[in-house]
Engineer: 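The structure's right below; bear with me while I get my questions together.
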Protein chains: 2
Amino acid sequence: MQITSKFTIAVHILACIEYFHDQETVTSSFLAGSVGANPVVVRNVMGDLKNAGMIRISQGKSGITLARPLSEITLYDVYDAMDCVSEAGLFHFHENPNASCPVGRNIHKTMDSRLESVQKAMEEELKHITLAEIAEDTRKEILGEAK
Amino acid sequence: MQITSKFTIAVHILACIEYFHDQETVTSSFLAGSVGANPVVVRNVMGDLKNAGMIRISQGKSGITLARPLSEITLYDVYDAMDCVSEAGLFHFHENPNASCPVGRNIHKTMDSRLESVQKAMEEELKHITLAEIAEDTRKEILGEAK
DNA sequence: TATCTTGTAATAATTCTTCTTACAAGATTA
DNA sequence: TAATCTTGTAAGAAGAATTATTACAAGATA
């Protein structure tokens, strides 16, 4: 089980917009080229990022741009925008516990709050990481390559 | 995306073994009845729990028993035994970032350590919760029902 | 020895995710 | 204004992963 690749694609896209904004007109096709995915999946991710207020989309020369600085976007914001985890939560509860068994009809309730806290721990960690860090590290890696 | 229901099934099973061990002979069919799943999935989960040293399996009157007290089993132990998350990690990285794009060939490296720390935060939280807590709360809920 | 239970393979069914094609609608620029 | 480019979205195909089920051999028990 893994969290949808839309999440890492979204991060990749944001890093690209930041990196290329003053050299190229950034379009969905351009991004799809860097990501290595079909332009349509990129456009869908773009749509989610736009709805979340992270990017602006123009068909003109300005292309796709950041709507706010990467320092104000955390991994959690992206995770949230991509709907990485369903309404039901990170953990899949088995569907048919037997209500005529005392354990069966109570175990769900007993686990729920604890599993929520586990999910929350992950989400809190995501909030501590900004896209700015990632973009900056990426830039450093690229500069490092020159040697 | 959700973590396999084998995880909650395993917790349910452990709670059942604890709850019923002095009233019933606990078998895979009995457990399957409480869980509401096919006996084969229960047996597979049982196999994993046995390999992890949490339960003992007998075909006789003793049935399935705990191999160590629930206070010494954490949700992480169960999570680990069920192989809830693949080798590749919790986050699915998109497969084909373009190596001829500077961002494309560096973004993976840049994200990896951070995503690992996020996954680790979740796993640490799992380590803080014991099966004993859950079994105890379940017992309390059951007693509460009597009113 | 008859019965019950586990272990496991094989397979089917279902659900999710990802990819792809196609095209309408909006924006841009010459 | 017309030609071109880009986005937004629907529809569907393909693929992967998860879960359920049948079947049966082998081991344990009484």
Side-chain angles (χ1 to χ4, degrees), chain A residues 1-10 12-13 17 24-33 35-52 55-65 67 82-98, chain B residues 1-10 12-13 17 24-33 35-52 55-65 67 82-98:
Chain A
M1 141 357 263
Q2 290 191 295
I3 286 174
T4 176
S5 58
K6 280 177 68 183
F7 174 74
T8 56
I9 290 174
H12 185 153
I13 285 175
I17 297 171
E24 310 261 353
T25 296
V26 178
T27 66
S28 66
S29 296
F30 175 81
L31 291 170
V35 169
N38 191 288
V40 173
V41 330
V42 171
R43 282 182 220 143
N44 284 326
V45 170
M46 277 163 48
D48 293 339
L49 292 175
K50 187 179 81 175
N51 289 338
I55 64 175
R56 262 189 285 267
I57 296 175
S58 147
Q59 295 187 355
K61 204 176 55 176
S62 62
I64 299 158
T65 53
M82 296 302 132
D83 261 330
C84 289
V85 166
S86 72
E87 201 59 23
L90 179 60
F91 294 88
H92 184 187
F93 209 96
H94 52 292
E95 323 270 343
N96 310 303
N98 186 344
Chain B
M1 111 40 235
Q2 290 191 294
I3 286 174
T4 176
S5 57
K6 281 177 68 183
F7 174 73
T8 57
I9 290 174
H12 185 153
I13 285 176
I17 297 170
E24 310 261 355
T25 295
V26 178
T27 67
S28 65
S29 296
F30 175 80
L31 291 171
V35 169
N38 193 288
V40 174
V41 329
V42 171
R43 281 182 221 145
N44 284 326
V45 170
M46 278 163 47
D48 293 337
L49 291 175
K50 187 179 82 174
N51 289 338
I55 64 175
R56 264 189 284 268
I57 297 176
S58 148
Q59 296 187 354
K61 205 176 55 175
S62 61
I64 299 157
T65 53
M82 295 302 133
D83 260 331
C84 289
V85 166
S86 71
E87 200 61 23
L90 179 60
F91 294 88
H92 182 187
F93 209 96
H94 52 293
E95 323 269 344
N96 310 302
N98 186 344

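For clarity, every value in this text was computed on a predicted model and none was experimentally measured. Convention: sequence-line order gives letters A, B, ...; per-chain numbering from 1.
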Engineer: For the helix from C/dT1-D/dA30 to C/dA30-D/dT1, how many degrees between its two end axes (five pairs per end), to the nearest 10°?
Structural biologist: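 Nearest ten degrees gives 20° for this helix.
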
Engineer: Under 4.0 Å between a side-chain N/O of B/Lys61 and OP1 or OP2 of D/dA28, yes or no?
Structural biologist: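 The answer is no; no side-chain N or O of B/Lys61 sits under 4.0 Å from OP1 or OP2.
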
Engineer: What is the minimum heavy-atom distance between B/Leu90 and B/Val85, and which atoms define it?
Structural biologist: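 Here B/Leu90 and B/Val85 meet closest at N-CG1, 3.5 Å.
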
Engineer: Could you tell me the separation between the CZ atom of A/Arg43 and the P atom of D/dT6, rounded to a whole number of Å?
Structural biologist: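 Result: 10 Å.
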
Engineer: Can you check whether A/Pro39's main-chain N or O pairs, donor with acceptor, with A/Ser28's side chain at less than 3.5 Å?
Structural biologist: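 A pair under 3.5 Å: no.
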
Engineer: Look up atom CD1 in B/Ile3 and atom CE in B/Met82, then write down how far apart they are to the nearest 0.5 Å.
Structural biologist: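 The CE atom of B/Met82 is 13.0 Å from CD1 of B/Ile3, to the nearest 0.5 Å.
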
Engineer: Does A/Ser5 use its side chain to pair, donor to acceptor, with the backbone of B/His92 at less than 3.5 Å?
Structural biologist: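 No; judged by distance alone, with no hydrogens or angles, the pair does not exist.
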
Engineer: Closest approach of B/Ser58 and B/Ser62, non-hydrogen atoms and distance?
Structural biologist: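 Answer, listing the atom of B/Ser58 first, then B/Ser62: OG-OG, 3.2 Å.
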
Engineer: Is A/Thr25 reaching over with its side chain to a backbone N or O of A/Gly63, donor-acceptor style, under 3.5 angstrom?
Structural biologist: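 Checked: no pair found.
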
Engineer: For nucleotides 2-5 of chain D, tabulate all protein N/O to nucleotide N/O atom pairs closer than 3.5 Å, reporting atom names and distance.
Structural biologist:
none

Engineer: Taking atom P of C/dG26 as reference, at what distance in whole Å does atom CD1 of A/Ile64 sit?
Structural biologist: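 Whole-Å distance recorded here is 19 Å.
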
Engineer: Measure the distance from CG on A/Asp48 to P on D/dG8 and round it to the nearest whole Å.
Structural biologist: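 Atom CG in A/Asp48 sits about 11 Å away from atom P in D/dG8.
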
Engineer: A/Lys50 has an atom NZ; how far is it from atom C1' of D/dT7, in whole Å?
Structural biologist: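 From A/Lys50 NZ to D/dT7 C1': 8 Å.
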
Engineer: Of the non-hydrogen atoms in B/Met46 and B/Ile55, which two are nearest, and what is the gap between them?
Structural biologist: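 Shortest heavy-atom contact: O-CD1, 3.5 Å.
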
Engineer: Between A/Ser28 and D/dT6, does any side-chain N or O lie under 4.0 Å from OP1 or OP2?
Structural biologist: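 For A/Ser28, the contact criterion (side-chain N or O under 4.0 Å from OP1 or OP2 of D/dT6) is not met.
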
Engineer: Taking atom C1' of C/dT18 as reference, at what distance in whole Å does atom CZ of A/Phe7 sit?
Structural biologist: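 The answer, rounded to whole Å, is 18 Å.
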
Engineer: Output the rounded distance in Å from CE (A/Met82) to C1' (C/dT17).
Structural biologist: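 It is 15 Å, rounded to the nearest whole Å.
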
Engineer: Identify whether any heavy atom of A/Gly60 sits under 4.0 Å from a base atom; if not, whether one sits that close to sugar-phosphate; answer base, sugar-phosphate or nothing.
Structural biologist: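 Sugar-phosphate, no base atom in range.
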
Engineer: Locate the shortest heavy-atom distance separating A/Gln2 from B/Ser86; write the atom from each residue and the value.
Structural biologist: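 Taking A/Gln2 first and B/Ser86 second, the nearest heavy atoms are NE2-OG, 3.7 Å.
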
Engineer: Identify the heavy atoms of A/Ile9 and A/Val41 that sit nearest to each other, and give their distance.
Structural biologist: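 The pair with the smallest heavy-atom distance is CD1-CG2, 4.3 Å.
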
Engineer: Do A/Ile13 and A/Ile17 make a side-chain contact, defined as non-hydrogen atoms from C-beta onward lying under 4.5 Å apart?
Structural biologist: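 Yes. Closest side-chain heavy atoms under 4.5 Å.
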
Engineer: Expressed in angstrom and rounded to an integer, what is the separation of B/His94 atom NE2 from C/dT17 atom P?
Structural biologist: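 B/His94 atom NE2 is separated from C/dT17 atom P by 18 Å.
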
Engineer: Just the rounded figure in Å: distance from P of C/dT17 to CZ of B/Phe93.
Structural biologist: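 Going from CZ in B/Phe93 over to P in C/dT17 covers 19 Å.
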
Engineer: Would you tabulate the pairs of protein nitrogen or oxygen atoms and nucleotide nitrogen or oxygen atoms of nucleotides 17-21 of chain D closer than 3.5 angstrom?
Structural biologist:
residue	atom	partner	partner atom	Å
D/dT18	OP1	A/Met1	N	2.8
D/dT19	OP1	A/His92	ND1	2.9
D/dT19	OP1	B/Ser5	N	3.2
D/dT19	OP1	B/Ser5	OG	3.2
D/dT19	OP2	B/Thr4	OG1	2.6

Engineer: Are side-chain heavy atoms of A/Thr4 and B/Met1 found at a separation under 4.5 Å?
Structural biologist: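 A side-chain contact under 4.5 Å is absent here.
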
